[in-house]
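Scroll down for the structure; my scribbles are underneath it.
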Amino acid sequence: MDKSKIVFHSIALITLVVVFLFFWYLIENTHTEIGQQPTANSQQPTADSHLYLLLPISLLAILLGVACAFYLEERLPPTNWFRRLIESEVAIFTGIPSLLYGLLAVEIFVSYTLGSSGQGWGVLFYAEVLTFIVLVMPLTIRTTQAALRSVATPIRESAYALGASQWQVLSNQVVPLAFPGILAGCCRAMSRALAAAALLMGIHTWGYTHETAISAGIHSRYVLLLVAALLFSTFFSFLKENPT
Amino acid sequence: MKQNVKTKIEISDLKVHYGNKPALNGISFDVYENEILGIIGPAQSGKTTLLKVINRTLEFTADATVEGSVKLDGVDVSTIGDVYGLRRKIGMVLPLPVGLPLSIYDNVAFAPRTAGLRNKAELDEIVERCLQQAALWDEVKDRLNALGTKLSGGQQQRLTIARALSHQPEILCLDEFSIAVDPITTMRIEEVLKMLSTEAKMTIMLVTNLVQQAKRLANRTAFFLNGNLIEIDTTDVIFSENPANQITYDYVNGNFG
C-alpha cells in the first residue's frame with residue numbers, strides 16, 4: 001500500500017473516532033435523564049444495558065455469517081440444493097428493510113410470550129438477539145460470498161495443481177486476497193446493525209408503553225445511532241475503495 | 001522403438017462432457033515415459049480438458065462428467081486416494097500466467113512447503129534451481145521478496161514454469177506456455193525442456209498453438225479436432241508430406257484453423 005493511501009485512511013479513521021466519541025459523550029449525557037425512570041420502580045433493565053450488548057452480539061452474528069459463507073462457497077458445489085436454498089433465502093432477507101424486521105420481531109418473538117405471561121423483559125432481550133442475527137447474518141453471508149468469489153478461479157486451480165490441500169489454498173491464497181472484501185462486508189453489516197439498534201430501541205419503546213409512557217430521550221437516541229451507522233458506512237466505503 | 005519404451009500415461013476411451021456439451025469424445029492413446037508429446041489442434045478441441053483430467057483439477061468444474069479411464073503408471077487416477085500426492089507428481093503450467101499473491105520466493109517455494117519441506121537451505125536451493133531452469137533467475141535474483149504479481153506477463157509465465165518444476169514432477173504438462181513469452185526466452189525455455197526430457201527423464205506433454213514449436217520439440221505429436229483425436233504419430237510423420245489424414249496435413253500447413 002502506498003503512503004498517500006495510508007495517510008488518507010488514518011485521517012478517515014481519526015475523524016471517525018473523534019466524531020464517534022463526541023456522539024458517545026452525547027449518549028452518555030442523555031443517559032441520566034431517562035435512565036432513572038424504568039429502574040426506579042422495578043427490576044427492568046434499562047435500554048442502555050442492552051446497548052452495551054450490541055457489539056458482542058453483532059460480532060457473533062458476523063462471525064456466524066462469515067463461517068456460513070465459507071461453508072457455502074468452499075464446501076458445497078454451486079448445484080447443491082441446500083446451497084441454492086440458502087442463497088435464495090439470503091437474497092430475500094437482505095432485501096427486507098429493517099423496519100419490517102422490527103415489526104416481525106415484535107409480532108413473532110415478543111407478542112406471544114409477552115401477551116401470555118406478562119414477564120416479558122427476558123423475552124424482549126432474546127427477541128433482540130434473534131432479530132440481530134437474522135438481520136446481520138444474511139448481509140454478511142452475501143458480501144463474504146462475493147469477496148470469496150472475486151478470487152479468480154485460475155489462482156485456486158494453479159494452487160491446487162501444485163498439490164496444495166483445500167485448507168492450504170484457503171489460508172495461503174484465498175483469504176489474504178478476499179480479506180479486504182470480507183472486512184468491508186463486515187463493516188457494512190455492522191453499520192446496518194447500528195441502524196437496527198435504533199430499531200431495537202423501538203422494540204423497547206413498544207415494551208415501555210405497556211407500563212410507562214415513551215421517554216423523551218429515546219427519540220434522540222434513534223438519531224444518534226443512525227448517525228453512527230452513517231459513519232460506519234462511510235468507513236466501509238473507504239475500505240471498499242481499495243480493490244485487490 | 002515403441003516396443004521397449006514404458007507407458008507412463010494410458011488413456012482409454014476418455015469422454016468428457018460439460019453439461020450437455022461434449023468436450024472429448026472417447027479418445028485413447030498412450031504417453032510414453034520420458035518423451036515429449038506435442039498436442040496441437042485449434043481452439044475447443046479438448047486439449048486443456050485432457051490435461052485437467054490427468055491432474056484431476058477438472059473436479060472443480062461443477063458440471064463436468066468424465067467417463068473412461070486415465071491410468072498413470074498403471075493406476076487409474078480417479079481411484080487415487082491421495083489426490084494431492086498425484087498432483088505433486090504432475091507439474092502444470094496454465095496458459096495465462098497466474099502469479100499467486102505471494103513473493104517470488106514464496107511462489108516457487110509454495111509447492112515444496114505444502115509437501116512439508118521447511119528447511120531454509122533446501123528451499124533456497126530449490127528456488128534458485130527452478131528459477132534458473134525457467135530462465136528467470138538473472139532477472140529476479142535481487143528482488144526475490146518482491147510480489148510475484150508485480151512481474152511482467154512474460155516473467156510471470158516463467159515464474160509459473162519455475163513453480164511447476166519446484167516439486168520435481170515426473171510429468172510436466174505445459175498448456176501454451178509461450179503465449180506471453182518473447183521469442184528469445186521461449187527458445188531458452190525450449191532448451192530447458194529438451195534438457196529436462198533427456199537428463200531429468202521427465203515426461204513432457206506440450207499443448208501448443210504454435211505448430212512449429214511442436215515440430216521443434218516433440219518426439220511424437222497428437223492432433224486434436226473438436227474433441228476427437230485425429231492422429232497421433234511421430235512428429236516426423238505428422239509434419240511430413242503425407243500424414244495419415246488429409247486434415248492433419250491441412251492444419252499443420254496452415255490451410256485452416
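What's counted below: heavy atoms across the whole structure, side chains too, no hydrogens, waters or symmetry copies. Source: prediction; values computed, not measured. So that the names make sense, note that chain A is the first sequence line, chain B the second, and so on, each numbered from 1.
- Crowding of B:Y18 atom OH: a count of heavy atoms from other residues, nucleotides or ligands under 6.0 Å exceeding 12.
- Per-residue counts of heavy-atom pairs under 4.5 Å with chain A were compared for B:L102, B:I90, B:D63, B:N55; the largest is that of B:L102.
- Around the CD atom of B:Q44, the shell of radius 6.0 Å holds no more than 12 heavy atoms that belong to other residues, nucleotides or ligands.
- Nearest heavy-atom pair, A:L162 versus B:A111, reported as atom, atom and distance to 0.1 Å: O-CB, 3.7 Å.
- Other residues, nucleotides and ligands contribute more than 12 heavy atoms inside 6.0 Å of the CZ atom of B:F29.
- Annotation for B:K194: atom NZ counts as buried by contact number, over 12 foreign heavy atoms lying within 6.0 Å.
- Residues B:L94 and A:S158 approach most closely at CD1-CB, 3.7 Å, considering heavy atoms.
- With respect to chain A, the highest number of heavy-atom pairs below 4.5 Å among B:M92, B:K52, B:K89, B:R56 belongs to B:K52.
- Considering only heavy atoms from C-beta on, B:R113 stays 4.5 Å or farther from A:Q168 through its side chain.
- Side-chain contact between B:F110 and A:Q173 is present, with at least one heavy-atom pair separated by less than 4.5 Å.
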